[in-house]
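Just so it is clear: chains get the letters A, B, ... in the order the sequence lines come, proteins before strands, and each one is counted from 1.
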Amino acid sequence: MATQQAGRLDNRKTAGGKAAGAEAPRGEMPRAYEPGAVESRIYEFWESQGYFSPIFSDEAWEKGSTAGDREPFTIIMPPPNVTGELHLGHALTAAIEDALTRWHRMRGDPTLFLPGTDHAGIATQMVVERELAKEALTRQDLGREKFVERVWMWVRKTRHRIDDQHRKLGVSCDWSRNRFTMDETPQLAVRTTFKHLYDDGLIYRGTRIINWCPRCQTALSDLEVNHEEEQTSLWHIKYPLIDGAGAETGEFIQMATTRPETIVGDVAVAVNPEDERWREIIGTKARLPIIGRELEIIADAEVEKEFGTGAVKVTPGHDPTDYEVGLRHGLPIINVMNVDATMNDEAGPYAGMDRYEARHRIVDDFDAAGLLVRIEPYTTSIGHCDRCETVVEPIVSLQWYIKVAPLAARAIDVVRSGQIRVLPERYEKVDLNWMETIRDWCISRQLWWGHRIPVWYCDACGEQFVEIETPSACAKCGDADLRQDEDVLDTWFSSGLWTHSTLGWPRQTKDLELFYPTSVLETGWDILFFWVARMIMLGLYNMHESPFSTVFLHGMVRDEAGQKMSKTKGNVIDPLTIVTEFGADALRFALATNSTAGNDMKFSREKVEAARNFCNKLWNAARFVIQKLEGRPAVALPAGGTASMHLEDRWIISGANALARDVNQLMTDFHLGEAGRQIYDFLWGEFCDWYIEAVKVRLSRGDPSPLPVLAHVLATGLKLLHPFAPFVTEEIWQNLQPLLPADEPEALMVAPYPDMQAQFDDRDAANAMAALIDTVRGIRNIKAEKRVEPARFVEAFLEVENEELRVALASRSELIEALARVRPVHLVAPGEAPSQGAARAIVEGVTIVVPLAGMVDLDAERSRLQKELAQVEAQVERLEKQLANSAFRDRAPEVVIRKVEDDLDAALAKRAALKASLDNL
RNA sequence: GGGCGGCUAGCUCAGUUGGUUAGAGCGCUUCGUUCACACCGAAGAGGUCACUGGUUCGAGUCCAGUGUCGCCCACCA
């Protein structure tokens with residue numbers, strides 16, 4: 001089906017050359033990075049090149065197997081509701097998933113990021129009904145068929161909006177495989193799964209007490225009910241006891257309720273069998289006031305003796321606990337409400353009233369009859385509809401269920417055995433705990449929009465049967481007059497199949513063979529139960545294999561005050577307005593680096609602004625490099641290593657190399673935020689602040705030796721950063737690529753991700769450059785403190801005991817002079833610097849002496865140095881003590897002991913230097 | 001009633017398998033029109049890592065407990 005779109009052109013083979021007919025876009029490089037002028041052009045370039053589709057070798061594609069090839073990397077995008085607009089949660093999802101996707105793609109894995117949208121049963125139906133309401137119409141006015149048609153019209157309109165918003169965020173998903181939960185294949189997957197489950201006895205229809213939303217007028221699963229603590233009352237009431245003949249004895253039984261409106265549905269009064277107070281009246285009767293019904297006094301262990309009077313009214317029709325009690329005692333079920341939660345005829349005088357009006361009237365009537373004992377303020381948890389927040393009513397109803405325990409058992413196995421890893425780990429326990437205590441899943445919804453339940457009823461013979469394709473006649477009696485079940489399935493039923501229905505199941509497609517099981521399932525922790533757990537259960541059921549190997553959960557994006565964003569609160573931020581203002585990269589980078597897996601984050605414009613500034617900083621560094629290259633391509637770095645280069649060159653190349661190693665490790669461990677921050681620190685703090693500044697010294701006198709290094713390090717940085725900021729890095733790449741050595745690909749998006757290269761690992765350069773940087777900072781500090789005008793050059797002496805370091809620094813003295821604005825710099829042995837009237841500072845390995853005749857307050861200088869000396873002495877003492885500790889020597893690893901020894905040496909050297917300085921004052 | 005998470009600089013947050021001087025951004029102070037960048041640069045101030053106890057040669061990090069804020073799950077009227 002999708003063979004064509006799968007695009008088998010191998011980037012790595014064609015790297016360096018231009019794909020046929022495609023001219024890579026290149027914009028001018030203005031002083032500031034302008035995302036608005038870049039993003040759509042770059043996105044179209046990527047898409048037109050087919051880069052979003054996974055790439056396999058010909059053999060792998062023919063075989064439909066990746067044996068011997070690189071493992072494919074697959075992420076199926078959590079499908080946003082088709083009704084919605086993207087919010088920041090989607091943007092976070094996109095930022096994380098696309099970063100993982102791009103990283104894997106650049107590593108050379110055949111990579112698939114599959115997008116889609118969810119039909120979102122109740123939510124979509126509500127939106128369309130609201131639209132209809134504007135025309136003074138209801139769905140009933142239209143009828144089922146017309147209404148569903150109307151929803152489809154709506155869906156066709158909104159679906160592309162979501163896709164376009166994703167494009168604006170820069171996600172590299174394979175649009176040729178875009179899916180919708182109501183597409184033909186997912187529909188088939190739903191019916192097939194339903195039939196299999198039904199045939200296996202795992203789907204059944206039954207009458208039970210369920211959660212009913214009176215506004216949506218549908219049953220809800222337990223998960224779709226949100227319980228909230230609310231301030232209400234506990235009404236203490238009493239019922240008269242009656243004797244065998246039905247006459248009132250003059251005694252009463254007192255109890256309490258939070259729901260007086262259900263009194264009219266009472267069928268019994270229950271007490272604990274062990275309760276001395278009530279033992280004698282068990283088996284006798286009471287009369288339900290107003291209604292007049294006789295209520296048996298029953299004993300049930302479920303009743304807590306300690307609560308109130310120890311007696312409780314029993315309303316099996318409107319309370320889950322009472323329903324259970326009713327079942328145990330064979331009590332009748334009386335439903336006192338209509339589907340919209342108004343009272344029905346069973347409610348006698350209250351019939352037709354809203355449930356809350358009935359509540360107050362019943363309380364009033366009890367009061368008038370002297371049966372209301374007291375009203376106590378009370379806090380209790382009340383269930384609300386997940387969609388519309390209406391208070392949910394427990395009612396008894398005929399619904400379809402999945403018997404989940406057997407499915408959950410297998411899901412528990414794969415999670416517990418580590419076949420599925422849950423990150424952050426703490427959610428594994430949450431997931432397991434939920435699956436271990438799982439109850440049957442009510443899957444039928446009294447809606448019109450969704451997957452219709454594939455069950456048919458034959459009124460002629462009473463047969464009920466399940467078919468994948470619409471049957472024309474009853475399988476049993478042949479009658480053609482069949483009736484399909486009116487209900488649709490819970491939206492999450494089709495979502496639960498998403499990992500394989502998107503790949504073509506139940507058909508045996510190539511995609512299914514190549515991409516199932518998928519790699520990572522990334523989503524917010526809020527849908528762990530709704531979606532992830534059910535995908536594991538249904539994936540195992542249909543495919544006999546876990547649908548993914550890693551579950552990676554992110555937190556919620558909240559507003560600046562930490563509030564959940566919601567339409568009703570009016571604090572929702574549209575990611576697209578942020579993109580327009582700051583750029584998609586800024587938003588993505590801010591989201592990815594300011595969050596930690598599983599933890600919620602507070603969103604603020606300041607964070608995006610900081611990320612925007614970073615993009616701009618990189619942009620300008622690139623402008624500098626490109627400008628200095630003057631149109632002449634840089635040569636490649638010497639393959640043998642960097643030994644012949646200047647200190648700062650060796651240092652920055654080694655730094656980029658170490659960064660590549662660390663970033664790959666962090667990405668492997670799903671520490672995306674830390675990876676992004678390290679790239680930021682390197683590019684800004686090392687490349688821009690030090691390397692580029694250092695390199696100006698040579699460039700300004702026409703020495704081209706830094707150019708290959710600038711090109712190499714910038715290219716490496718762009719590659720490393722690309723998964724986090726795809727647009728700006730690609731745009732820079734388009735300008736830089738012609739100036740790079742010949743083997744660099746035409747698009748950064750498909751460039752190989754950098755990795756550790758042993759020949760560039762240069763610890764010596766790292767150490768010497770660290771000393772140089774510390775020295776420059778020390779000199780700047782002295783100049784700032786002594787109020788030497790920054791632009792003024794002064795003479796400086798650097799006392800360096802270590803010969804090697806002194807040689808290294810001497811070789812780059814021009815650097816120190818330029819960066820610290822001192823001249824000349826004298827590299828000398830300890831004690832050789834002038835002693836009079838000089839400011840001093842000691843950094844590791846270097847004593848800085850800046851003669852400032854007449855500008856130095858000797859006493860202040862002395863006391864400062866003495867203070868520093870005291871600190872160093874304390875440090876020496878501590879380190880010596882530690883080294884003398886035999887337990888430490890025995891148990892600490894060798895590297896740590898070495899480190900402590902080195903630290904002690906450094907501290908001793910510093911102490912000596914400080915003492916010498918004090919003597920010289 | 002169970003369970004989980006946060007508590008680190010004025011604010012928002014990092015801190016990977018415990019390793020010795022705990023970091024960043026914003027804000028703050030002082031300075032700077034150095035030819036990539038003021039969406040910038042330089043220097044600096046600012047932290048008893050919520051508390052108590054324990055384990056360890058060594059604890060922001062591990063264990064136990066306390067406080068506090070928040071969240072999830074659960075049929076106590």
Next item on the list: Could you grab the distance from atom CZ of A/Arg780 to atom OG1 of A/Thr775, nearest 0.5 Å is fine?
Entry: 11.5 Å

Margin query: Measure CD/A/Glu436 against P/B/rC73 and give the value in whole Å, please.
Written below: 17 Å

Item checked: Side chain A/Gln882 and base B/rU20 donor-acceptor under 3.5 Å -> yes

Margin query: The side chain of A/Trp525 is closest to which nucleotide in this list: B/rA36, B/rC72, B/rG15?
Written below: B/rC72

Checklist line | Listed nucleotide nearest any side-chain atom of A/Asn781, set B/rA42, B/rA36, B/rG44 | finding: B/rG44

Item checked: Side chain of A/Pro790 - closest among B/rC31, B/rU20, B/rC75 -> B/rC31

Notebook entry, point to check: Do A/Tyr239 and A/Asp266 meet the criterion of a side-chain donor-acceptor pair at a distance under 3.5 Å?
Noted result: yes

Next item on the list: Name the residue closer to the 5' end of RNA chain B, choosing between A/Asp600 and A/Val303 according to the nucleotide with the nearest heavy atom.
Entry: A/Asp600

Margin query: Can you give me the dot-bracket string for RNA chain B, 5' to 3', counting Watson-Crick and G-U wobble pairs with both distances under 3.5 Å, using [ ] for crossing pairs and | for partners on another strand?
Written below: (((((((..((((.....[...)))).(((((.......))))).....(((((..]....))))))))))))....

Item checked: Atom-pair distance (CZ on A/Arg787; P on B/rG32), nearest Å -> 10 Å

Item checked: Any A/Lys786 side-chain nitrogen or oxygen under 4.0 Å from OP1 or OP2 of B/rA43 -> no

Note to self: Looking at B/rA43, I'd like to know if its phosphate oxygens (OP1 or OP2) sit under 4.0 Å from a side-chain N or O belonging to A/Arg777.
What the structure shows: yes

Check: Taking for each residue the nucleotide of RNA chain B with the nearest heavy atom, is it A/Arg878 or A/Glu324 whose nucleotide lies nearer the 5' end?
Finding: A/Arg878

Next item on the list: Kindly say whether, by distance alone, the side chain of A/Gln678 makes a donor-acceptor pair under 3.5 Å with the base of B/rU16?
Entry: yes

Item checked: Nearest-nucleotide pick for A/Asn599, side chain only, options being B/rC75, B/rA14, B/rC72 -> B/rA14

Next item on the list: Give the nucleotide from the list B/rG41, B/rU16, B/rA36 with an atom nearest to the side chain of A/Trp684.
Entry: B/rG41

Next item on the list: Check if the side chain of A/Lys607 and the base of B/rA24 share a donor-acceptor pair of N or O atoms closer than 3.5 Å.
Entry: no

Check: For B/rA14, does OP1 or OP2 lie under 4.0 Å from any side-chain N or O of A/Arg677?
Finding: no

Margin query: Applying side chain to side chain contact (heavy atoms under 4.5 Å, CB included) to A/Trp441 and A/Asp222, what does each step give before you reach the verdict?
Written below: CA-CA 8 Å; A/Trp441 175 14; A/Asp222 296 338; over 6 Å; no

Item checked: Rounded distance (Å) that lies between atom C1' of B/rG58 and atom NZ of A/Lys881 -> 13 Å

Check: Rounded to the nearest Å, what distance is computed from the NZ atom of residue A/Lys602 to the C1' atom of nucleotide B/rC26?
Finding: 15 Å

Notebook entry, point to check: Nearest-Å distance, CZ (A/Arg889) to P (B/rG58)?
Noted result: 16 Å

Checklist line | Rounded distance (Å) that lies between atom C1' of B/rC75 and atom CH2 of A/Trp212 | finding: 21 Å

Item checked: Nearest to side-chain heavy atoms of A/Asn620, which nucleotide of B/rC13, B/rA36, B/rC75 -> B/rA36

Item checked: Whole-Å gap separating P (B/rA36) and CG (A/Leu618) -> 16 Å

Next item on the list: Report yes if at least one side-chain N or O of A/Tyr680 is closer than 4.0 Å to OP1 or OP2 of B/rA14; otherwise report no.
Entry: no

Notebook entry, point to check: Picking from B/rU34, B/rC39, B/rG19, which would you name as closest to the side chain of A/Asn613?
Noted result: B/rC39

Item checked: cation_pi(A/Arg612, A/Phe582) dist<6.0 Å, angle<=45 -> no

Next item on the list: Report yes if a donor N or O on one partner sits less than 3.5 Å from an acceptor N or O on the other, where the partners are the side chain of A/Glu693 and the base of B/rA42; otherwise report no.
Entry: no

Check: What about A/Arg612, does its side chain sit under 3.5 Å from the base of B/rC39 through a donor-acceptor pair?
Finding: yes

Note to self: Without decimals, in angstroms, what is the distance between A/Leu904 CG and B/rG58 C1'?
What the structure shows: 17 Å

